[in-house]
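In what follows, a structure is listed as structure tokens, so that the remarks can point back to it.
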Amino acid sequence: MNTRDLAYFHDLVELKNYTEVANKFSVSQPTITVAIKRLENEFGAQLIKRDYIHNRLVVTRAGVLLFQRAQQILESLDLAYSEVQNADSSMIRFGLPPIIGTMWFPLVASELLHKGLLAHIQSIEAGSDQLLEKLRQGKIDVALLGSIRPLQEKKLDTFLLAVHPFKAIVSQKHPLVEKRHISFVELKGERFVTFTNNFVHPQALASYSKYAGFRPQIAFSTPTLSLIKELVNANLGVSLLVDDAIKPQDHLCSLTLDDPLPEKFNMSLVVRKSFLPNKTQQEFISVLFKLKNLIETKAY
């Protein structure tokens, strides 16, 4: 079977238009037609029908079943190409969300520098949700990720390194600053400054708000931690962060939330199961494992 035929078929099911598929792959329309016929002969079943009355393509039940398998096959092929192309590389394709990079990665940065590993890192910075997808696609091999629940993925090895509660972050000028402990419902009517949706914090904010029975008013969303802290410091809103994100020089106050929610900031080391690290890459992963003890020691 020609895997390119599967790719043509997959996109035809999605686009429902032979011309668009042909243009996407820079081939002629008859090439797509012949490819579909080859697949139908291969499987002995009609995959695509044309509804002349409504002038549209209809995917048969057999076509739907093949489409589902084709997605899996094409994803596996893309992953295989990526892994083979990087098999001899000493580079470490590493995903690092900005907030983890700011709070915890520096704890191992000096050892990585001493061992000459920093020079091998190809760092990709993005929100945890984006990095998780890149891991699945084989675009990165290792990542430190945040999640509001412990991560569980069939194709990924996940190692929980730290669990931190979320806290309400307010300006030192805020009326709640004297309380230190609050229920989230006390923030009803406040404006929130938060991370964009590729980060885990909006998920935690949604859970706390739902529990408290109100819809949060989002004043501003940004992927930049320093900007969140500046806006909160200016008393332009409140935020939901982990305590380690706040430094004395930020002049902010962390309020403990007494709501009995299971959502916490779980920081995990995540490695794709199919990744076969070389000596340099394995040494890098081993250093990252040390974050667990370093964070626990730092907490006392």
Side-chain angles (χ1 to χ4, degrees), residues 1-87 93 95 97 124-141 143 145 147-149 151-156 158 195-200 202-203 206-207 210 215 218 221 223 270 272-275:
M1 183 193 303
N2 189 334
T3 56
R4 179 54 67 95
D5 289 352
L6 275 181
Y8 294 156
F9 169 72
H10 175 274
D11 282 29
L12 183 60
V13 172
E14 288 193 330
L15 297 174
K16 302 290 194 302
N17 187 292
Y18 280 89
T19 302
E20 288 185 32
V21 175
N23 291 338
K24 179 177 178 179
F25 287 95
S26 299
V27 297
S28 66
Q29 185 171 326
T31 298
I32 307 300
T33 303
V34 170
I36 302 305
K37 287 298 179 185
R38 266 198 303 264
L39 285 174
E40 291 181 330
N41 291 334
E42 175 88 19
F43 288 98
Q46 187 175 15
L47 304 174
I48 301 288
K49 295 192 298 186
R50 184 176 291 278
D51 181 350
Y52 290 99
I53 295 176
H54 300 97
N55 192 28
R56 64 180 183 178
L57 296 181
V58 177
V59 184
T60 66
R61 184 174 184 276
V64 171
L65 292 172
L66 180 59
F67 173 75
Q68 293 171 346
R69 296 301 183 187
Q71 280 186 308
Q72 299 170 6
I73 292 169
L74 294 171
E75 287 172 3
S76 295
L77 278 173
D78 287 343
L79 181 56
Y81 278 120
S82 176
E83 289 179 336
V84 171
Q85 288 169 357
N86 290 280
R93 299 183 299 167
I124 295 91
E125 292 195 18
S128 290
D129 285 355
Q130 283 180 309
L131 294 175
L132 183 59
E133 187 58 32
K134 289 182 182 295
L135 270 169
R136 293 175 181 137
Q137 296 170 351
K139 294 180 179 178
I140 57 177
D141 303 308
L145 300 182
S147 60
I148 60 174
R149 302 285 179 89
L151 280 174
Q152 291 183 332
E153 289 264 341
K154 287 184 178 180
K155 296 182 179 180
L156 303 174
T158 61
F195 281 99
T196 50
N197 286 331
N198 294 318
F199 294 77
V200 301
Q203 299 170 32
S207 295
K210 183 177 180 180
R215 184 187 296 274
I218 307 300
S221 298
V270 186
R272 200 173 58 259
K273 284 184 184 291
S274 60
F275 177 53

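Sequential numbering from 1 along the given sequence is applied to the chain's residues. Atoms considered below: every heavy atom in the structure, side chains included; atoms not considered: hydrogens, waters and symmetry mates.
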Does the side chain to side chain contact (heavy atoms under 4.5 Å, CB included) test come out yes or no for Leu132 and Leu156, once each step is laid out?
CA-CA 10 Å; Leu132 183 59; Leu156 303 174; 3.5 Å; yes
Starting from the C-alpha separation in whole Å, work towards a yes-or-no answer on side chain to side chain contact (heavy atoms under 4.5 Å, CB included) for Phe275 and Arg93.
CA-CA 11 Å; Phe275 177 53; Arg93 299 183 299 167; over 6 Å; no
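For the pairing with Val59, the side-chain contact (heavy atoms from CB on, under 4.5 Å) check across Leu47, Val64, Leu66, Leu65 returns one residue only, Val64. Evaluated for a side chain to side chain donor-acceptor pair (under 3.5 Å) with Glu153, the options Arg272, Arg136, Lys273 yield exactly one hit, Arg136.
Using a 4.5 Å heavy-atom cutoff, the side chains of Asp11 and Phe25 are in contact. By the 4.5 Å heavy-atom criterion applied to side chains, Thr158 and Gln152 are not counted as neighbours.
Heavy atoms from other residues, nucleotides or ligands lying under 6.0 Å from NZ of Lys16 number more than 12. The environment of CG in Asn23 is crowded: more than 12 heavy-atom neighbours from other residues, nucleotides or ligands sit within 6.0 Å. Annotation for Arg69: atom CZ does not count as buried by contact number, only 12 or fewer foreign heavy atoms lying within 6.0 Å.
Interatomic distance, CD of Gln130 versus CG of Asn198, reported as 3.5 Å (0.5 Å rounding). Separating the CG atom in Leu39 from the CG atom in Asp5 is a distance of 5.0 Å, to the nearest 0.5 Å. Here NZ of Lys37 is found 7.0 Å from CD of Gln46. Values are rounded to the nearest 0.5 Å. The CD1 atom of Ile124 sits 7.5 Å away from the NZ atom of Lys134 when rounded to the nearest 0.5 Å. Of the inter-residue distances, the one linking Thr3 atom OG1 with Tyr8 atom OH reads 10.0 Å to the nearest 0.5 angstrom. The distance from atom CG of Leu6 to atom CD of Glu42, rounded to the nearest 0.5 Å, is 9.0 Å.
Using bins of under 30°, 30° to 60° and over 60° for the plane-to-plane angle, the ring pair His10/Phe67 lands in the parallel bin.
Side chain of Ser128 to main chain of Phe199: no donor-acceptor pair is present (N/O by atom type, distance under 3.5 Å, no hydrogens or angles).
In terms of heavy-atom proximity, Gly95 sits nearest to Leu131 at C-CD1, 3.7 Å. Ile148 approaches Val200 most closely through the heavy-atom pair CG2-O, 3.8 Å. Scanning all heavy atoms of the two residues, the minimum distance from Leu12 to Ile48 falls at CD2-CG1, 4.2 Å.
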